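Since the model is a prediction, treat every value here as computed from it, not as a measurement.
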Amino acid sequence: MIAAIKPAGTNTRGLLAYLYGRGTHDEHFDPHIVAGFAMLGMPDPGRDENATLTELARHLDEPVRLRNSEFGKKVTDHVWHCPVRAAPEDRYLSDTEWAEIAQRIVQAAGIAPAGDDLGCRWIAVRHADDHIHILATTVREDGRRPGLHDSGLRVGDACREIEKDYGLRRLKKGDGTGARRPTQAEMHKAERLGWDQPSPAWLQDRIRAAIPHVTGAEEFITYLQASGIEVQVRRGPSGDLLGYAVGRPGDVNEAGEQIYHPGSKISPDLSLPKIKARLESSRPEEHPTARRNHPSSPWHQATDALDTLHTDLADDTHAQAHITALGELLEATAQKVPAHLQGELRAASKAFARAQRSQIRAEDRAAHALRSAARDIVHTATGPDGSALAALVAALVWATIVARRWHQAKHHAHQADAARQAVQHLQIAADRALAPTLADLTSRPPRDQARRVLANDVRAAVPDHAERILTDPAWPALATVLADAEARGHQPHQLLKEAADQRELTTARQPARVLITRIQHAGRNPAPNRRAEAARLQTTTAGSIPTQQTRNGRLPAVNRSGFGRDSII
């Protein structure tokens with residue numbers, strides 16, 4: 001059950017006209033009062049043909065009129081409006097049940113506290129099966145204003161109790177970090193103009209998309225403007241940027257004026273101070289495009305950064321920072337992956353936005369590596385090869401699972417559920433990203449003898465999961481990966497142990513696939529060869545020792561893949 005308290009209004013008669021009207025889409029039928037502050041003598045235009053909306057408005061506004069006639073400063077923001085809606089799958093609620101629910105909500109809000117005969121005047125109007133509207137005028141019978149501070153939290157708690165008592169769908173308790181829901185007017189406007197999203201949601205997506213591209217607040221504003229977003233800024237006398245608001249092109253009011261939304265109202269984590277803290281925590285020493293000679297691609301660097309995530313969650317402020325930065329890396333990756341993966345990555349990024357914020361303050365500087373990885377990815381001019389892409393998406397799956405577990409441990413219900421949704425999208429993307437690599441690996445399996453030896457390595461390195469791995473349809477492809485890594489001088493047994501340590505396999509849907517991406521990433525370069533390095537150093541210093549050494553007059557031992565174990569390929 002959702003109770004959405006609206007901003008204070010000024011026109012009681014106008015709101016009543018809406019509640020008793022036909023609705024924007026003729027969705028209102030049989031409007032009538034189901035509860036109120038004093039049902040005796042209450043004019044109800046829905047049940048009494050002689051009652052009028054004006055009469056009912058005058059009845060509700062009487063304490064406001066009396067107060068305004070006695071005090072110099074008039075009350076104008078006196079209309080309290082709270083729609084209360086059941087979930088689509090909930091059972092039908094009778095008028096009597098809705099009346100009881102309305103009474104509990106006005107008590108929780110402070111509109112009409114229990115046992116207080118001098119509370120505010122209010123009514124609950126039902127004009128559809130699944131919801132009511134509570135209207136109150138916020139001047140008490142004694143002329144005082146009610147205490148409505150934090151009324152939204154109290155009403156939310158009351159709704160959770162109502163769900164339990166009436167056997168309705170149980171929603172998760174709010175924590176004050178959720179993004180603002182679009183209003184009915186915003187949703188109807190989007191539908192009328194043919195927009196897929198209401199303006200606040202459209203703007204939120206574009207603000208989040210901008211963050212990985214910039215390194216400071218001024219650059220952030222410039223980037224938004226260059227993206228075609230209308231931006232309004234607030235500056236101090238010194239010219240320093242103090243705040244910003246954004247508008248969607250074409251979103252204007254009745255006077256034709258651009259409508260702006262402050263970043264903090266779109267989502268709590270998009271206020272200017274919070275964006276500045278995140279950007280300043282990852283400001284680079286040089287522009288990312290200048291790192292062309294780095295031995296590892298941005299895609300591999302991002303996977304390396306994710307590998308440490310599970311060790312960075314011990315401190316809550318560091319954990320929150322890493323989870324927030326993980327969202328930025330998801331967004332950056334979604335912008336740069338091939339087209340066939342973009343839909344699922346964008347859906348994952350959008351779902352994970354709710355998991356990026358909680359009541360825990362983030363120590364943003366702790367997540368420098370993840371933010372740098374996100375920035376490098378959006379600035380890279382080249383896309384990833386197949387194995388690098390598969391490794392990164394698989395690492396994102398695991399990192400999101402780790403984030404979900406942290407939120408669950410902290411009892412962050414909304415955030416954990418958002419991470420769960422993101423994992424579902426990422427798993428689909430991971431399967432698609434790995435498909436070409438699997439096809440290539442499966443087409444060139446190692447010989448039967450080599451595969452049997454590699455199977456023994458699996459049993460020795462990960463005995464608890466060996467049978468699941470060896471019966472996984474992707475086992476032949478994993479055997480090829482192990483053989484390839486061995487040809488580069490790596491030890492399959494050691495690679496298997498390290499991969500299993502990085503990502504536990506108990507919850508993996510297909511453990512062989514998980515190991516493929518992990519081992520391809522870890523074993524992509526030749527393994528260091530200490531004897532070859534010693535030989536190179538001797539050659540450099542003495543100039544007389546050949547680089548190709550023999551042992552007892554024989555060539556180096558040949559490994560199971562047909563390559564010398566000590567060869568550098």
Side-chain angles (χ1 to χ4, degrees), residues 1-6 15-16 18-37 39 44 46-47 80-112 114 122-136 150-188 190-191 197-198 201 351 354 408 411-421 424:
M1 177 164 287
I2 295 176
I5 299 174
K6 303 299 182 181
L15 180 54
L16 287 172
Y18 167 74
L19 298 183
Y20 279 90
R22 298 177 60 182
T24 310
H25 301 281
D26 292 332
E27 69 274 22
H28 299 174
F29 59 92
D30 189 25
H32 59 282
I33 296 173
V34 295
F37 76 101
M39 292 298 291
D44 181 1
R47 288 291 181 264
W80 189 86
H81 177 208
C82 179
V84 185
R85 185 178 299 274
E89 63 269 30
D90 282 339
R91 64 179 177 83
Y92 176 85
L93 294 168
S94 67
D95 279 1
T96 300
E97 288 174 315
W98 275 120
E100 294 166 352
I101 290 168
Q103 185 74 53
R104 291 172 66 164
I105 287 175
V106 294
Q107 288 178 0
I111 293 293
W122 64 276
I123 58 171
V125 175
R126 182 179 190 179
H127 58 203
D129 285 345
D130 62 347
H131 70 279
I132 59 172
H133 290 259
I134 303 175
L135 184 160
D150 287 338
S151 60
L153 294 177
R154 296 194 300 273
V155 167
D157 290 343
C159 286
R160 304 295 80 78
E161 291 298 317
I162 289 167
E163 291 161 358
K164 181 170 60 176
D165 294 344
Y166 286 80
L168 307 177
R169 177 186 173 189
R170 304 283 293 274
L171 299 182
K172 299 172 180 65
K173 184 177 179 179
D175 63 357
T177 65
R180 178 179 71 83
R181 294 177 179 274
T183 65
Q184 288 286 337
E186 288 169 341
M187 290 191 290
H188 289 323
E191 183 179 351
Q197 297 173 288
R354 183 65 184 89
Q408 287 175 322
H411 306 292
H412 300 161
H414 292 280
Q415 292 85 344
D417 188 59
R420 177 191 61 79
Q421 295 175 45
Q424 292 175 340

Taking Asp30's backbone N and O only, do any of them form a donor-acceptor pair with His127's side chain (distance below 3.5 Å, no angle check)?
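Not a single qualifying donor-acceptor pair exists.
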
Are the side chain of Arg85 and the backbone N or O of His131 linked by a donor-acceptor pair below 3.5 Å?
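Judged by distance alone, no pair lies under 3.5 Å.
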
Residue pair Val125, Val34: steps toward the side chain to side chain contact (heavy atoms under 4.5 Å, CB included) verdict:
CA-CA 6 Å; Val125 175; Val34 295; over 6 Å; no

Gap between atom [atom2] of [Y] and atom [atom1] of [X] - 0.5 Å precision:
X: Phe37; Y: Ile111; atom1: CZ; atom2: CD1; result: 13.0 Å
X: Ile123; Y: Ile134; atom1: CD1; atom2: CD1; result: 10.5 Å
X: Leu168; Y: Arg160; atom1: CG; atom2: CZ; result: 10.5 Å
X: Arg354; Y: His412; atom1: CZ; atom2: NE2; result: 10.0 Å
X: Met1; Y: Asp130; atom1: CE; atom2: CG; result: 9.5 Å

So, using side-chain hydrogen bond (donor to acceptor under 3.5 Å, both in side chains) as the criterion, who are the partners of [X] when residues are at least two apart?
X: Arg420; answer: Asp417
X: Glu161; answer: Lys164
X: Asp129; answer: none

Begin from the C-alpha positions of Cys159 and Leu171 and carry the test side chain to side chain contact (heavy atoms under 4.5 Å, CB included) through to its verdict.
CA-CA 9 Å; Cys159 286; Leu171 299 182; over 6 Å; no

Using ring-ring contact (aromatic ring centres under 6.0 Å, His included) as the criterion, list what pairs up with His81, not counting sequence neighbours.
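Listed in chain order: His133.
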
With sequence neighbours excluded, tell me which residues meet side-chain contact (heavy atoms from CB on, under 4.5 Å) with Asp44.
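With sequence neighbours excluded, Asp44 shows a side-chain contact (heavy atoms from CB on, under 4.5 Å) to Tyr20, His32, Ile33, Arg47, given in chain and number order.
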
For residues Trp122 and Ala112, report the shortest heavy-atom separation together with the two atoms involved.
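In this case the closest contact between Trp122 and Ala112 is NE1-CB, 3.7 Å.
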
If you look at every heavy atom in Ala109 and Arg154, which pair is closest and at what distance?
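Of all heavy-atom pairs spanning Ala109 and Arg154, the closest is O-NH2, 2.7 Å.
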
Salt-bridge present (Glu163, Arg169; N to O < 4.0 Å):
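Not counted as a salt bridge, because no side-chain N and carboxylate O are separated by less than 4.0 Å.
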
Between Glu97 and Arg91, does a side chain to side chain contact (heavy atoms under 4.5 Å, CB included) hold up when you go through it step by step?
CA-CA 11 Å; Glu97 288 174 315; Arg91 64 179 177 83; 2.9 Å; yes

When you compare the side chain of Val84 with that of Ile2, does any pair of heavy atoms fall below 4.5 Å?
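Ile2 vs Val84: side chains apart.
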
Acceptor/donor pairs from residues 99-107 side chains to any protein atom, 3.5 angstrom cut, sequence neighbours excluded:
from, atom 1, to, atom 2, distance (Å)
Glu100, OE1, Tyr166, OH, 2.6
Arg104, NH1, Asp165, OD2, 3.2
Arg104, NH2, Asp165, OD2, 2.8

